Amino acid sequence: MSSRTSDVLVVGGGIIGLVTAWRAAQRGLTAAVVDPEPGGGAAQVAAGMLAAVTELHYGEQTLLGLNLASAHRYPAFAAELTELTGHDLGYRRCGTLAVALDADDRAHLRELHALQRQSGLESEWLSGRECRRLEPMLAPGVRGGLRVDGDHQIDPRRLTRALLVACERAGVLFHRTWARRLRVVRDRAAGVTTTDGAELAADQVVLAAGSLSGRLEGVPEALLPPVRPVKGQVLRLTVPQRHAPFLSRTVRAVVRGSHVYLVPRESGELVIGATSEELGWDTTVTAGGVYELLRDAHELVPGITELPLTETRAGLRPGSPDNAPLLGPTDLPGLLLATGHYRNGVLLTPVTGDALAHALTTGELPEAARPFTPGRFLKSVEQPA
Ligand SMILES: Cc1cc2nc3c(=O)[nH]c(=O)nc-3n(C[C@H](O)[C@H](O)[C@H](O)COP(=O)(O)OP(=O)(O)OC[C@H]3O[C@@H](n4cnc5c(N)ncnc54)[C@H](O)[C@@H]3O)c2cc1C
């Protein structure tokens, strides 16, 4: 069985696949997405922090450039999607407060502050008292913190819904099934075979299958992206009207070596995340995970124990060896990658859509995305003698 050829077939309809298909269709390409459940994936779990500055880590300065480029695009990106679809994305320019609970955390935050300043980023050191003045629900033990007004948030579930509508409006075709195997015809990616035996033909194939991107059959072994699942458990609480405003911005900290954050939405939802576990494709919510998140969040904001716990869920971040995405053409003509976005996939959605649409129409990545070519990990395919 064969269906008509599209210009672009995107394998995976998470936020990265959807934004790629939408932007490609906007540039006049016929685009299709294959995924049994488009709009599922990690974004259904993610907190949606747009945290280029507070997520800065040593050794990730190159990624910082891409994160900032994407953060810069967010206001226009969100406005465009909302205007097109009528969906409010919950984009909130609320800022972030990263706090320290003990002397070690404080020293760590001071170092982060120095790194942020060396990198030309805006962040302000506050005393414990100043932190509590900003966020009165913080524990009395907070020793100090970094105020970063430029780190915002979006609701990833709303973003996903809007991207689905935008794709449909742009004429993107959805095949609700699994891609089983990449089809390679005359040394070129030419589509996929699905698990129900259909052949989906395309001039170009974008592999955007999140943490499963390294498992598509038929991709030459040397080109399989080195992406692995990194499990994150997340809790959702509800702030009743009588407790509002509970927190006015995202609050985060490192408690006993684990990252914890509280992301307050305008709807009253309070997202608490996230564990980081290397356990393969397991998405079980565990008592230990929930306990640790509540324990650490409670140390930061004791009042959370009053709030209804409305949801617990685990998702898989698509991790790469350098924590940065793999974007653009591979050594197999017609095969492109858009994967490995790890803990910044929501933040990186706008820049990824633009970079992939550019690559699909011109064959090249734009300047900002060039350091993230798959070639930095992948060995070239042996050419026949
Ligand atoms: C707990 C947690 C918290 C997070 N918090 C943040 C945050 O605050 N800020 C931020 O920027 N990012 C955050 N992220 C990261 C972000 O959610 C991810 O980077 C992003 O959602 C990855 O999107 P994706 O489309 O690449 O992959 P996925 O969401 O994994 O989607 C991949 C899709 O591909 C499909 N698929 C897989 N294999 C096939 C196949 N063979 N055929 C067809 N379809 C296939 C799947 O069904 C799925 O729908 C978080 C992630 C987690 C788990």
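If you're wondering where the values come from, they're calculated on a predicted model, not measured in any experiment. Both counts, for ligands and for their atoms, begin at 1 and track the order of listing.
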key: Arg110 to Trp125, cation-pi by 6.0 Å centre distance and 45° axis angle   = yes
Quiz item: cation-pi between Arg215 and Trp281, 6.0 Å / 45° =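 Yes - Arg215 lies over the ring of Trp281, closer than 6.0 Å to its centre and within 45° of its axis.
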To check your reading of the model: name the closest protein heavy atom to [atom], its residue, and the distance in Å.
atom                    : value
atom 42 (N) of ligand 1 : Ala179 N, 2.9 Å
atom 5 (N) of ligand 1  : Ala47 N, 3.4 Å
atom 31 (O) of ligand 1 : Gly14 CA, 3.5 Å
atom 38 (N) of ligand 1 : Ala209 CB, 3.5 Å
atom 34 (O) of ligand 1 : Gly12 CA, 3.3 Å
atom 50 (C) of ligand 1 : Ala46 CB, 3.5 Å
atom 51 (C) of ligand 1 : Arg317 CG, 3.5 Å

request  = Side-chain contact test, heavy atoms from C-beta onward, threshold under 4.5 Å: evaluate it for Tyr74 versus Ile154 and give yes or no.
outcome  = yes
Any carboxylate oxygen within less than 4.0 angstrom of a Lys/Arg side-chain nitrogen, looking at [X] and [Y]?
X      : Y      : result
Arg265 : Asp155 : yes
Glu130 : Arg133 : no
Glu311 : Arg157 : yes
Arg106 : Asp104 : no
Arg23  : Glu80  : yes
Arg158 : Asp88  : yes
Arg176 : Asp35  : no
Glu60  : Arg343 : yes
Glu278 : Lys231 : no

ask   = For ligand 1, is there an atom lying under 4.0 Å from some heavy atom of Gly273?
value =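 False for this residue.
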Within-shell test, Leu316 vs ligand 1, heavy atom, strictly < 4.0 Å = yes
Of all the atoms in ligand 1, which lie at a distance below 4.0 Å from a heavy atom belonging to [X]?
X      : value
Val34  : 43 (C), 44 (N)
Leu347 : 10 (C), 11 (O)
Leu212 : 37 (C), 38 (N)
Gly232 : 1 (C)
Gly210 : 26 (O), 27 (O), 30 (O), 32 (C)
Gly41  : 29 (O)
Gly315 : 53 (C)
Ile16  : 23 (O), 24 (P), 25 (O), 26 (O)

How does [X] reach ligand 1, by side chain, by backbone, by both or by neither, if only non-hydrogen atoms under 4.0 Å count?
X      : value
Arg215 : neither
Asp35  : both
Val234 : side chain
Pro318 : side chain

Have a look at [options] and point out the one with the heavy atom closest to [atom].
atom                    : options                       : answer
atom 39 (C) of ligand 1 : Tyr261, Trp178, Tyr342        : Trp178
atom 21 (O) of ligand 1 : Ala274, Gly319, Ala42, Gly40  : Ala42
atom 13 (C) of ligand 1 : Met49, His341, His175, Arg343 : Arg343

query = Would one find more than 12 heavy atoms of other residues, nucleotides or ligands at under 6.0 Å from atom CZ of Arg313?
reply = yes
key: Glu277 side chain to Thr275 side chain, donor-acceptor N/O pair below 3.5 angstrom   =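 Thr275 and Glu277 do have a side-chain donor-acceptor pair below 3.5 Å.
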query = Strictly by modelled atom types, are His259 and Ser276 linked by a side-chain donor-acceptor pair under 3.5 Å?
reply = no
query = Purely on distance, is any nitrogen or oxygen of Gly345 under 3.5 Å from one on ligand 1?
reply = yes
query = Do ligand 1 and Val346 have nitrogen or oxygen atoms that lie under 3.5 Å from each other?
reply =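 Right, the criterion is met.
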